[in-house]
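Comments concern the structure below.
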Amino acid sequence: MVLVNLILILLLGGVVAAVSERVSSTTPRQVALLVIVLAFLYLVSELSGLDSLNQLQPSTPNDPNSWLIHFKASWIPAFGISIEFALDGLSLLMVLLTLVLGAIAVSASWTDITERHGFFEANLLWTIAGVLGVFMALDLFLFFLFWEVMLIPMYFLIAIWGHENRGYAAMKFFIFTQASGLLMLVATLALVAVYRDSMGHYSFSYFDLLNTPMAKNTAWWLMLGFFVAFVVKLPGFPFHTWLPDAHTQAPTAGSVILAGILLKTGAYGLIRFTVPLFPDAALEFSNVALTLGVAGIIYGAVLAFGQTDFKRLVAYSSVSHMGFILLGVYAWNELALQGAVMQMVAHGFSTAALFMIAGSLQERLHTREMPKMSGLWQSMPRMGAMAMFFVLASLGLPGLGNFVAEFLVLLGLFQVNPWLTVLASMGLITGAIYSLMLMQRSFQGEPNPQLETKTLTDFGSRELLTMAVMVIALVVLGIYPQPVLDIAQMTIASTLKFGLPGAMP
Amino acid sequence: MNELAVPLNHLLFLSGLLFSIGMLGVMIRRNIIFILMSIEVMLNACALAFVGAGAHWGQPDGQVMYVMILSIAAAEVAVGLGLVLQIQRRFKTLDMDQANRMRG
Amino acid sequence: MTLSKLIALAPILILSITIIVLVLHASLKRDHKSAWYVSALGLLITIWGSYYASGYAQQVTVLLKVDNWGLLFSALIVVSTLTTLAISRDVFLAEGNRKEEYYLLILLSTLGAIVLCQSSHIVSLLLGMELMGIAVYAMIAFPEEDALPLEASIKYLILSACASAMLLFGFALLYAATGDLSYAGIGSKVASAYESNPMLVVAGTAMVLSGIGFKLSLVPFHMWTPDVYEGAPTPVTNFLATVSKGAMFVALTRLFLDGKFYQFPSLIVALTLISVASMLVGNLLALRQENVKRLLAYSSIAHFGYLLMVIVGFSSLKETGEILNLGRDALTFYLAAYILSTLAAIAVVANVVGEKTAHIEAFTGLFWKQPLQAAALMVAMLSFAGIPLTAGFMGKFYLITLGLDAGLWLLLSGLIIGSAIGIYYYLRLIFAMSSPLGDPSVVPSKHSLSWRDALAFVLLLSVLYMGSWPQPFIDFAGV
Amino acid sequence: MTDYIWLIPILPLISSITLMLGSAYLGRSVIATLGVGSVGLAAVLTGALAYNFLHAPEPIHVVYWTWMQVGQFDPSIAFYFDGLTLVMMSVITGVGFLIHLFSSEFMEHDNSYARYFAYLNMFVAAMLILVLADNLLLMYLGWEGVGTCSYLLVGFWYQHSANGRAARKAFIVTRIGDTAMAIGLLVLFTELGTLNIQDLVAAAQAKWQVGDVIPLLICVLLLAGAAGKSAQLPLHTWLPDAMAGPTPVSALIHAATMVTAGVYLIARTHGLFLLSPDAMTVVAVVGLLTSLVAAFTALAQHDIKRILAYSTISQIGYMFLALGVGAWTAGVFHLMTHAFFKALLFLGSGAIIHCLHHEHDIFKMGGLRSRMPVTFWSFLIGSAALAALPLTSGFFSKDLILLQAYQQANIGPLLWVGGLGGALLTAIYSFRLVFIVFFGHANTSPDREIGWRMAIPLILLCALSLIGGYFSLPVEKVFPIDDNQHPDQWVELVSISIPIFGVFLAYLLFLGRQLDPGFLIESASGRWLKQFWYSGWKIDRLYDLALVNPYYWIATIARNEPVDKFYQSIVITNQTLNAALSKMQTGRMRGYIVSMVIGLIGFLGLSLFFVAGAV
Amino acid sequence: MLETTIFYISAAVALAATILAMTRTNAIHALIYLIVSLLAIAVIFFVVGAPFAAALEVVIYAGAIMVLFVFVIMMLNLGEEGDARERKWLEPSIWIGPATLSVVLLIELIFLIGSVEGQVSQGVVSAKMVGISLFGPYVLAVELASMLLLAGMVGAFHLGRRLLEKRA
């Protein structure tokens, strides 16, 4: 019941936030922050009691009671659909990341929303509730439900509060994910049909569907359905074109949530569903996926370098970082998977920060075009310092979270396909090139005469506090990542046995 | 009356012929009254086919069907002509091609 | 006509009595409001009647076969008529002069629809269809002064007359081949008739298919739909989209199943072609449509393209009976979901736009002007698009399961491409509604919860309820 | 004694963080004391550590916590301290302290004083971590940290975008080397299963014989990493541009510490290099070629700092040469002495620039001998050590390298001759600098005198440059004992006399003007040659044409998302279909009837086709 | 033998009359030809052995419906200029397309119906037999037909009412 309460808190919180606009235009954001903190404390209090978490005992995917929390209530018995939530190491990490980034998103949009504050905060909370649902749902029908439903509030965030070209961007974002989601729906139903043929009864539960015997090429097609849906969301190389538009047009909080959490649902889906459900099909497909991953890294980096729009550059950097996750998942050994999970967490923080900076820049300069804003360090030293820190984090400076993730992924991948690893490590160089270009074009260089420096206010205390949270998180992830690795280990150790026979156990 | 030696398909040929003529009329004519007349011809062709089939099988169903078709035709003509009158009063013309305000 | 047979015919009888009462009422006192109440009351009793008759399911004379499935849809049709009545309340009340023929026509048409739902014989099919049709011609042209309704009505009359002629000629050929007019009779004799003279049977089915294709506005015969939907007054559009199409599809299913038409490969190929064409053309036509009524017309073409998938599915499912009722459930669920969503959508269009042209501009910023109406329209649109938690999604869920079991790969890919295109124009409407109008400061006026909002809210809840908690509906439909 | 070893790198780190956070609230003097003091304290602690290490010379290994533990991969945050680390630490903290003291005055009037010291301290901390790390991953952390700090410091005056570009170039070129090194790490871990230096060297010797392919691959990758950081031939183009930073930065980073990290890496992993002789020859050849190329380029430079930069590249070339021939001690010894005299030269040039209000071109200076005596004498001693004149520390270390190079197995003499050529050129360009800047008629006049905080470091470094030669490095346990039997007498004699001859030649060319080089420069080929050398053998131009411009070109072309064209095409096809279909909705009923009839004909035709086919 | 010849004669008459009805420009002439064609079909009904249907055809179809048409045409008094306009509307360019379509339709129907064998008449189906089946199994159909006619009437009444008020 814990998990259902968690989602309910956020949903009702959204309603309260929407209504609270009647009180005054500032209460909704306080309500939103309060709701998220409340949800966080509730979860932590529930989990601290769990001894299975303290001893970090592994949770085998196909037996539900080895998971941290497991809840099942029947919903549509005619099709064996049940409301089934469960939490294990991987989803716990993702849930905590979602809540933390949710709080950061709320604080990121403290001042830059001018109209309909209540409805904005409500949409924010509902998106977070949707994402929590995605991370915790283990009934494929329920998973698909949350997968689609989380899009709607996100669509509104972009469509109503977005910038000049929001209609097109929101539409593109929605259609990309929804159409690929449809593919996943067909794949899920085909999987359930195969399960019914062999087992005689319908069931949508992840635990039953895990080892359904099926013919080789059906498995291949179904895996492809899931793979496309998750790679579109990831975003993987050829399906990523929605991301830059969605990011540049989304409001600050929207981008923070979109980059920080929504992209991770794609990665989570790959680890949880695509490979364990169709292990041998994934093995055959791994070479294609790996090449897509590397292509994503290099393509994202080259395009990021070419951008003149601050947010668009950061968006392409996300495409590049997500390429590492694709590599990590499809190398499918312990090192690579840990690297992928770590990248999901570290990337969440580093891109959220960069988008916050982009948002505050837009709030102050009313433009995202880098040619219009050089030499900002002069007038905004604190923002410049923060930007430098997170740029260094995003290019993978050792001692920060991203490096640990990228190194683990490369290490894991090397044992599977050395030559591809060499190509992927090009990403480190190209990553450095665009990151430093970002700093050079916006914060360094001769101060732009058009910007009358006196109006540019530097970071306030609220912004610094939010940034500090992310700085500490990244440094701790870089220096002492063991707690995160142990929690992820609980899932990865057992999921590995289900996946394709990776080189390293 | 019983030594009628007309093969069924000749009768169906006739009704088919009438049906296509009626269809042609609907397509060609632009005056609504002529279109309604063509529709009557088509309905009559169907009636003929039904009666012929009924006779072929020696069942009264054919003629029951005829009665139903009759009532349908009557009702249709009633409403149709009512509409024709309204259109004549409203548009001052009976040309069907004038009625193309809604498109796209 | 034993008592149990009469009870089985309860819905039809109650409705006929209401019609007669209405006629008498018209002769006594020409009051508009009381006519509305009488017809509403009559319809409510009919619903109760159809529930009561479900205990007496049997074949009543050769014409009607009363079974739960038919009664369910009769109830649904009556509900749709009630909603149409609710919407048309202020459309005609405003005109002041005596207009109660409108309610008479609506009831007659509903009667035709119910007969159609329960018909098991060509004569009852024909009569039901024509009764429904004739009443609708006059309803479309009800505001006889302005031009569009007249144009729509004459077009609909002529085209539907042609379609009926085709249908009749098809049935004539079938009758000539099989010698029996009831579905069951045809079903038993059609196989043998196919051996003796295949040409006749196949030609007959082809012509029947074209006739029915017109009524369901499937692709080659779809051209009338947008003009009639736009021309007719909004309540009548609602009636056309839900009652006339719904009843016709139920009749097609009965004809197809009892008449065992699924044996003919030519028919299945034709149906597949129509279905794919309707899916794609329907969605493509609606892509950049500015007028919301025309948009709903095109989307209904697409939706009946999806629904046809079930009929094609029957042909491959005929062997295993168990999956047969999966097909029936899928059909019931999708049709019910479609009807509910259309009711919600057109109710909101009527509330917001009334009789003015339903251009998309009228809906900009609706979220901020009338939030409840906007929410109902949004849920209806999402249900059409097939987003989870709405009835439309459960419908699509059923369709895909059926498509996978029956192996209709072409239709499945058509469904996916169609709904991918579909999202665009459904979202376009939602985007228009959510785009901020000039002054964001206008806080929605706190007018009292008028019955229009109540109607929209009820429809919104029903679409969401059916989507999020389908189990009771599945049990009821599956019975 | 070993428990406070973690304090040495942490002190500069803490001071750097405090400076970053509190930059707005601290006064100038507090910043200076904090910045300089922290490195000073670290130097004192290193001294204490050195003191008891010399008495009990066994390596210290302290483990703090496991950095990350995934399956078999468990690098830990741990320090390993032995003779080699001691030498490096003493150089870093010692020379580092002097440079900090120097820059406290040099940067006196700069408005972001705190930010400067924050970066400088961060750099020292990173370098210390690099040197103290017991496993390659922690060393990689230090490695990248040092690279980042060099980026921040070179681009310190970010107001001019040229400095920003130079900083970016430095970071990216070193980053290419680091990536190669990272790949080396990946190969090492996959092959040997550990990154701990001591274990992996032992495991490597157990697993492979001399001359295997994989050690060669690993060593080449590590060499690439070292070449990137130590600005050796393929990846050396960034160092001259890195002169855009403040001069003390160049002194600390681009002379004493960072550039020697590559040498330390190879020295630390010499066990691996011993396994593949041809890798060592590669190192030697790279070293030699770099030293010659850099020497020639230095000869043609005008900017005082660029001459010193190229001379650094050349001297590190010598260290690589030493490592290549297996003379580990000689290499490290030269590293230490080079740190002393090159830091001295850089600080000297810093003093000159400081006093001649930022004048860099040597031909605009002249006759500073009388006006700036301290700087003149420090420059003189520095250049002497650089040219390896007898009695200076440079003489001992360079001589050792040349002798060892001579004895190398197959191409020994060739290396020796190359080395001699390099030594000759070094002598020429170092004394060219001295004669042009300090002798001849005075063009400009210094407007101010250097304070005590700049003078003391110069004096101390002069002393170290002179007596540096006599230190004996406590590294006998680290490296295998090299049996340096003496080559025959004439080899020693020649290697001693060449530098003296070089100085004399420089005197003729630049001071006495007797040997007028005019005819050489005026001739067409001469001018082309001078231009060729000036532009660093056109390598920079080559990289621009081959790599940089194509990358820019691709980025600008791909800016607006070529993959999106595919999705746009789908949208366009939809829209054209929509247009076509809605054109068919003409509103005229005749069209509708015709489409119905066509539909009817189609189905009848279809059924005809089926039935005719079937019957 | 006589009946067969009568059948073919009346078929020919029906066909000719319908074609002429379709092509006349004057509404009244077309109407008259249509009535002739209906009478010919009534004869066929009679010959085929459906006397009741024949009677209905004459009385209701030719009698009532066609007369209704005449009323409407008279009311609209299309007159001469109507004829000229009709002729203009009938140039070849308009009816060539639909004509080819209906010819194709005809050929298809002939092909499809061609293969049917079996004689038409199995003896007379008297009015009595039709009456019995009408009020036997089809009793509901009759009721529904009445509802249908009611709908037609109400529809016609609604559409016509405004006219009467204007006129009166």
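A, B, ... follow the sequence lines: proteins, then strands. Residue 1 opens every chain.
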Is a side-chain donor or acceptor of [X] paired with a backbone partner of [Y] at a separation under 3.5 angstrom?
{"X": "D/Arg115", "Y": "D/Phe156", "answer": "yes"}
{"X": "D/Arg559", "Y": "A/Gly306", "answer": "yes"}
{"X": "D/Lys207", "Y": "D/Leu192", "answer": "no"}
{"X": "A/Trp242", "Y": "A/Val232", "answer": "yes"}
{"X": "D/Trp238", "Y": "D/Gly228", "answer": "yes"}

**D/Phe123 and D/Tyr119 aromatic centres sub-6.0 Å** =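 No, the ring centres sit 6.0 Å or more apart.
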**Prompt:** Would A/Phe176 and D/Tyr567 count as a close aromatic pair, with their ring centres under 6.0 Å?
**Reply:**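 They qualify: ring centres under 6.0 Å apart.
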Against chain D, label [X] side chain, backbone, both or neither, depending on which of its atoms sit under 4.5 Å from a heavy atom there.
{"X": "A/Pro381", "answer": "neither"}
{"X": "A/Leu392", "answer": "side chain"}
{"X": "A/Ile433", "answer": "both"}
{"X": "A/Met388", "answer": "side chain"}
{"X": "A/Ile479", "answer": "both"}
{"X": "A/Tyr434", "answer": "neither"}
{"X": "A/Leu408", "answer": "side chain"}
{"X": "A/Glu446", "answer": "both"}

- Task: Any chance you could lay out the ring pair (Phe, Tyr, Trp, His ring centres under 6.0 Å) test for A/Tyr299 and A/Tyr316, step after step, and finish with the verdict?
- Result: CA-CA 9 Å; A/Tyr299 183 79; A/Tyr316 277 112; 7.1 Å; no
Give, as side chain, backbone, both or neither, the part of [X] having an atom under 4.5 angstrom from any heavy atom of chain A.
{"X": "D/Trp65", "result": "side chain"}
{"X": "D/Ile557", "result": "neither"}
{"X": "D/Tyr140", "result": "both"}
{"X": "D/Phe566", "result": "neither"}
{"X": "D/Val187", "result": "both"}
{"X": "D/Gln568", "result": "side chain"}

Item to complete: Could you give me the CA-CA distance, side-chain angles and deciding distance for D/Leu136 and D/Ile197, then say whether side chain to side chain contact (heavy atoms under 4.5 Å, CB included) is met?
Response: CA-CA 6 Å; D/Leu136 283 175; D/Ile197 299 173; 4.1 Å; yes
Partner chain D: residue of [options] with the largest heavy-atom pair count (under 4.5 Å):
{"options": "A/Tyr480, A/Trp377, A/Phe443, A/Phe403", "answer": "A/Trp377"}
{"options": "A/Thr430, A/Leu411, A/Val302, A/Leu485", "answer": "A/Leu411"}
{"options": "A/Asp486, A/Val404, A/Thr421", "answer": "A/Val404"}
{"options": "A/Pro238, A/Ala488, A/Gly375", "answer": "A/Pro238"}
{"options": "A/Arg382, A/Gln482, A/Met439", "answer": "A/Gln482"}

Next on the checklist: Tell me which of these, D/Leu185, D/Ile554, D/Leu137, has more heavy-atom pairs under 4.5 Å with chain A than the rest.
Outcome noted: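 Ranked by contacts with chain A, first place is D/Leu137.
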Practice task
Heavy atoms only, distances under 4.5 angstrom: which of D/Ile176, D/Leu152, D/Thr190, D/Val563 has the most pairs with chain A? Name it, please.
Solution key: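 Sorted descending by pairs with chain A, the first entry is D/Val563.
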| request: Just do the side chain to side chain donor-acceptor pair (under 3.5 Å) check on D/Asn121 and D/Ser15 with the steps written out, would you? | output: CA-CA 7 Å; D/Asn121 287 357; D/Ser15 103; 2.3 Å; yes
Verdict with supporting geometry, A/Gln489 and A/Glu334, side chain to side chain donor-acceptor pair (under 3.5 Å) = CA-CA 8 Å; A/Gln489 184 62 6; A/Glu334 193 172 349; 2.7 Å; yes
With sequence neighbours excluded, what pairs up with A/Ser374 under the side chain to side chain contact (heavy atoms under 4.5 Å, CB included) test?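 With sequence neighbours excluded, A/Ser374 shows a side chain to side chain contact (heavy atoms under 4.5 Å, CB included) to A/Asn448, given in chain and number order.
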Which label fits A/His240 and A/Phe237: parallel for a plane angle under 30°, tilted from 30 to 60°, or perpendicular past 60°?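 Rings of A/His240 and A/Phe237: parallel, under 30°.
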